[in-house]
Structure formats: structure tokens, C-alpha cells
Amino acid sequence: MSDREPQPVERQLPTDEARDLLALVREIARREIAPKAAEEEDAGRFPREVFTLLSESGLLGLPYDAEYGGGDQPYEVYLQVLEELAAARLTVGLGLSVHTLASYALATYGTKQQQVEHLPAILGGGLLGAYCLSEPSSGSDAASLRTKAVREGDDWVIDGTKAWITHGGVADFYTVMARTGEDGPRGITAFLVPGDAPGLSAAAPEKKMGMKGSPTAQVHFDGVRVGDERRIGEEGQGFTIALAALDSGRLGIAACAIGVAQAALDEAVAYATERRQFGRPVADFQGLRFMIADMATQIEAGRALYLAAARLRDAGKPFAKQAAMAKLHCTDTAMKVTTDAVQILGGYGYTADFPVERLMREAKVLQIVEGTNQIQRMVIARHVAGPEAR
């Protein structure tokens, strides 16, 4: 591994507070996250203590209201925090993105009483969340979910299985979409379910190609009883809430992807400037120089795209199309850049002695989670060309 220190990303930040925040995040990433990343990912160890540190540092609720323990930061800033964390370790960056996604329903659609009761612990009290939409038989077709919630007096009883749940089995709360009415999107309702609720259990974590330190598991609901006060939004509003959350969540995935790509570029540049062949650094050879130029350009384009979408969101303007574009472009960029980084390192890039092989394996999942890139293309096309003829 190279001793060359990468140059910090040049960022356009809106305030001095944001600049101080990014400096804090870089320091936490440098001291507490990056040094253990390779070893702990190889061992499949989930770094819960890092999320405790992020909570204590005020980083688990950045885009939410300070009244409830959030950071009152615009998405433009929050996403750049995610990028820095993901560059150090994707398990941490993606974990924060998922926690933010899981908090969205309560923070945006919850009643004042629900927010007062639950948000402080979620945003700054050390709790960690998970988002439960996908099921074994409904992934991209999320509106066909089968998990049911049946009303019994003042309670709801939830039965079913959710799949591909990040933080499954370790989360303190689950934002759950369950069917309470008719088939299709109008029959789905959102619930806030405690992680220790009787009848809630998690299967063994999936054995994955990458991100081995981040538990992904099926979560089972066997007669899980929650009071109506834990229903978020109106009955039948759950799918609307889920899609709104995913629009924002896709920006989180885009930022994480650029973090992974930036880390791979930094490693490739460090190696290419130090490795010598034919009497000079391999970075002097035009073939590699052009690869590095293309990698850097795609990263900058991706960063600009996710920030443009974030600024639309911060301004209260529609951003769903731009979120889909950012998720698509940034995750495809991460896959291409990490693959090229392995190529630049040659045989060394294929070994676990250098982080680029891990980054390449991790990049792949970003093209899949929170809406596959094929789904993103469908979303973008609908915005541009109109809905498909039926």
C-alpha cells in the first residue's frame, strides 16, 4: 500500500459551519474508520461503536430538524459527509445513508407527538435504524409486497418477511411498509417498529461479495404487535412515503458511490506515481494517464450531478428525475473506476494487500440497492418521454 497521502477533495460548501463539519468528518474517517476497514471487512465485523461515535458527534441526524436532535444541514452538505465516510469504509457511509432513509418517514410524515417522542433518540441518542420495503418475492415491484398488518383494537399485528435489510438483526428500530388494505400501492401503510418487539427476528446475515461488515438479512415478523400510535402517516399512504424516502435515499447512494470511486482513484494515482517500469513511473505512460484522466472526470461529473440534485431538494423543487440520474451515473462510475483502478495496479490490484479489489467488490452492490440501475433508467425515461403505453 502506498504511503502517498491523497489530496483532499476541493469542495464548494455553503457555510463556515459546513467546512468545519467536513473537517471533523475527515478526521474521524482518518483516525477511527479507515485504519480498521480492511481487517474488519475481511472478518465481517459490524462497527457498531463507529455509529455510536457518529451519533455522539452529531452526524446521525444531519439533514433533520435541530429541534429533535438533528443537524439542520442541507442535503448538499449531508451528502458530502456521506461521500467522505464511504471513501473510508462503505459499510459506514452506506450505514448512515440507510439510517437517514429509515428516519425519513417519521421526520417527514410523523405527527408532532410522534416526533417529540421518538426523534431525539433516533437522531442523536445512539439508536440505529433499518428500512423494510423489499421482500423475497417483491424487490423492484415493491407495490406487490405481502407483509400484512391487521387492525386489532388500538393495535396492529404484523406478519410477513422482509428481505435484503441493511442492519437486519442489529437495528434498534425498523421502518416497515405493510399491507393494510387492497392490493397494489394504495393498500400499504408505514409503521415504526422497535427492534426488540416480541415476534421480530432476523435470519443469519447473507454471505455477500462485498460489504461483509454490513449485515444484510431477512427480517421476520411473526405476530408483531404495535400500537396505532406507531403508524406513520395515514392508512394507505405508506407507498407514497416509501417512494419519497427512496428519492432522497438514492442521492445517498450516489454520494457513497462517488466516495468509493474517489478512494479507488486515490489509490491508483498513488501506485502509478510510485511504481516504476522501464526506468520511470508508470504514471508517465500515456495509456495510464488517459485512464486516470477519464476516472477523475467521471468522478467530478458524478459529484456535480448529485450536488445539483441535492440543491434542487434543498430549494423545495422536484428532484426525482435528477436523483435517479445521479444514482445511475454515480454507481456506474464507481463500478468503472474501481475496475480501472484494479487494472492500473495490475497483479497487485487483484490481491487483498491493496484496497482496490475490495472497493471493486463493494461498488457492485451500489448498482443494485435502492432501485437497480435498470429501474433508474425506467424512471428517467418516464420523466423525459412520458409513461409507457399500456
Side-chain angles (χ1 to χ4, degrees), residues 1-7 26 28-51 82-97 164 166-167 170 204-217 253 256-277 281-283 287-288 291-292 295-296 298-299 330-369:
M1 191 177 299
S2 172
D3 293 329
R4 184 180 188 270
E5 287 290 330
Q7 294 297 311
R26 280 193 291 268
I28 290 174
R30 184 184 68 83
R31 295 182 58 180
E32 305 295 337
I33 300 174
K36 307 173 190 174
E39 178 183 354
E40 292 193 350
E41 284 298 322
D42 186 56
R45 182 181 179 279
F46 178 62
R48 183 58 194 255
E49 73 284 352
V50 170
F51 290 95
L82 279 188
E83 184 190 327
E84 292 283 352
L85 293 173
R89 185 177 179 185
L90 183 57
T91 285
V92 176
L94 188 71
L96 175 53
S97 182
W164 310 112
T166 300
H167 302 156
V170 301
E206 305 287 353
K207 296 180 180 180
K208 298 176 297 185
M209 177 193 300
M211 284 192 69
K212 297 178 181 180
S214 176
T216 303
I253 299 303
C256 286
I258 293 302
V260 170
Q262 185 69 56
L265 174 62
D266 291 342
E267 288 292 333
V269 170
Y271 178 87
T273 53
E274 293 183 5
R275 171 72 167 171
R276 299 181 68 85
Q277 292 288 279
V282 296
L288 265 63
M291 286 177 69
I292 289 169
M295 293 158 76
Q298 290 302 305
I299 289 170
C330 293
T331 59
D332 281 354
T333 289
M335 193 71 251
K336 180 66 165 63
V337 167
T338 55
T339 302
D340 284 348
V342 170
Q343 188 70 23
I344 288 173
L345 269 69
Y348 292 109
Y350 199 66
T351 71
D353 294 330
F354 290 80
V356 290
E357 63 85 28
R358 171 171 60 85
L359 295 172
M360 185 179 76
R361 288 186 287 106
E362 291 177 342
K364 183 62 210 174
V365 77
L366 298 173
Q367 295 177 303
I368 299 170
V369 296

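Since the model is a prediction, treat every value here as computed from it, not as a measurement. Note: hydrogens, waters and symmetry copies are ignored here, and every other heavy atom, side chains too, is used.
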Next on the checklist: Do Ile258 and Cys330 have side chains that approach each other closer than 4.5 Å (heavy atoms only, starting at C-beta)?
Outcome noted: yes
Checklist entry - Do Leu94 and Leu82 come close enough that some side-chain heavy atom pair is under 4.5 Å? => result no
Checklist entry - Can you list the steps and then say if Val356 with Met360 is a side-chain contact (heavy atoms from CB on, under 4.5 Å)? => result CA-CA 6 Å; Val356 290; Met360 185 179 76; over 6 Å; no
Item to check | Positive for salt bridge (Lys or Arg N to Asp or Glu O under 4.0 Å) with Glu41, one of Lys36, Lys212, Arg89, Arg361 | outcome: Arg89
Item to check | Chi angles and distances behind the side-chain contact (heavy atoms from CB on, under 4.5 Å) call for Val369, Thr166 | outcome: CA-CA 10 Å; Val369 296; Thr166 300; 6.0 Å; no
Checklist outcome for this item: Here the pair of heavy atoms bringing Ala341 nearest to Ala264 is CB-O, 3.7 Å
Checklist entry - Where is the tightest heavy-atom contact between His167 and Phe51, given as atom of each residue plus distance? => result NE2-CZ, 4.5 Å
Checklist entry - Ala334 and Ala261: which non-hydrogen atoms are nearest, and at how many Å? => result CA-CB, 4.0 Å
Next on the checklist: For Glu362, give me all partners under salt bridge (charged side-chain N to carboxylate O under 4.0 Å, His left out), at least two apart in sequence or on another chain.
Outcome noted: Arg358
Checklist entry - Looking at CG of Leu345 and CZ of Arg275, how far apart are the two atoms once the value is rounded to the nearest 0.5 Å? => result 9.5 Å
Checklist entry - Parallel, tilted or perpendicular: which describes the rings of Phe354 and Tyr271, with under 30° parallel and over 60° perpendicular? => result perpendicular
Item to check | Lys208 side chain vs Ser214 backbone, donor-acceptor pair below 3.5 Å | outcome: yes
Checklist entry - Is the shortest heavy-atom distance from the side chain of Leu366 to the side chain of Leu90 under 4.5 Å? => result yes
Next on the checklist: As an exercise, state the distance from CD of Glu84 to CD1 of Ile33, rounded to the nearest 0.5 Å.
Outcome noted: 10.5 Å
Checklist entry - Excluding sequence neighbours, so at least two apart, what forms salt bridge (charged side-chain N to carboxylate O under 4.0 Å, His left out) with Glu49? => result Arg45
Item to check | salt_bridge(Asp332, Lys336) N-O dist < 4.0 Å | outcome: no
Checklist entry - What's the verdict on side-chain contact (heavy atoms from CB on, under 4.5 Å) for Asp340 and Ile292, showing C-alpha distance, side-chain angles and the deciding distance? => result CA-CA 9 Å; Asp340 284 348; Ile292 289 169; over 6 Å; no
Item to check | Contact summary for Ala272 and Pro281, nearest pair of heavy atoms | outcome: O-CB, 3.8 Å
Item to check | Neighbour count >12 (heavy atoms, 6.0 Å) for atom CD, Gln343 | outcome: no
